[in-house]
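Because the structure is a prediction, the values reported are computed rather than measured.
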Amino acid sequence: MAERITRADVEHVAQLARLALDEAEIESLTRELGAILDYAAEVSALDIGDVAPTSHPLPLVNVFRPDEPRACLPRDEVLAAAPAAEDDRFRVPRILGEEA
């Protein structure tokens with residue numbers, strides 16, 4: 001495939017990103033970025049006209065149980081296990097100012 005990115009392109013982007021690249025890094029990045037762009041061009045050239053659009057490659061299934069009411073623990077038992085309780089509620093540290 002034709003070269004899609006030049007050494008000057010890599011040097012320009014490195015300058016914009018404030019990267020100090022040595023000669024070997026510039027040469028390496030030029031080759032690697034060129035290969036990435038070539039691969040992207042190959043993917044873009046694929047005929048996907050008969051492929052339906054999708055947001056997820058696998059079918060999604062709801063893994064939650066049905067939301068059905070059921071008995072819960074007694075309030076006294078739950079509050080007894082809490083580190084602090086006050087007026088039949090959990091007591092937690094204040095996180096906002098005096099008046100919220």
Are Ile26 and Val13 joined in one hydrophobic group, where the rule is that I, L, V, M, F, W and Y side chains link up if heavy atoms are under 4.5 Å apart?
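Per the 4.5 Å side-chain linkage, Ile26 and Val13 are not co-clustered.
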What pairs of donor and acceptor atoms, side-chain ones from residues 44-66 against any protein atom, are under 3.5 angstrom apart with sequence neighbours left out?
| residue | atom | partner | partner atom | Å |
| --- | --- | --- | --- | --- |
| Ser44 | OG | Ala40 | O | 3.0 |
| Asp47 | OD1 | Gly49 | N | 3.3 |
| Thr54 | OG1 | His56 | N | 3.2 |
| Thr54 | OG1 | His56 | O | 2.7 |
| His56 | ND1 | Leu58 | N | 3.1 |
| His56 | ND1 | Leu58 | O | 3.0 |
| Asn62 | OD1 | Phe64 | N | 2.9 |

Kindly write out the residues that satisfy side-chain contact (heavy atoms from CB on, under 4.5 Å) with Ala35, not counting sequence neighbours, or none if the list is empty.
none
Taking salt bridge (charged side-chain N to carboxylate O under 4.0 Å, His left out) as the cut-off, I'd like each qualifying pair that reaches into residues 77-86, sequence neighbours left out, listed once.
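Those involving residues 77-86 are Glu86-Arg91.
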Can you pull the salt bridge (charged side-chain N to carboxylate O under 4.0 Å, His left out) pairs that have at least one residue in residues 23-34, sequence neighbours excluded?
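Non-adjacent pairs meeting salt bridge (charged side-chain N to carboxylate O under 4.0 Å, His left out): Arg7-Glu23, Arg7-Glu27.
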Val78: which other cluster members, linking ILVMFWY side chains closer than 4.5 Å, directly or transitively?
Leu73, Leu79, Phe90
Asp22: what forms a salt bridge (Lys or Arg N to Asp or Glu O under 4.0 Å) with it, not counting sequence neighbours?
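None.
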Nearest heavy-atom approach of Ile5 to Thr30 is CG2-O, 3.5 Å
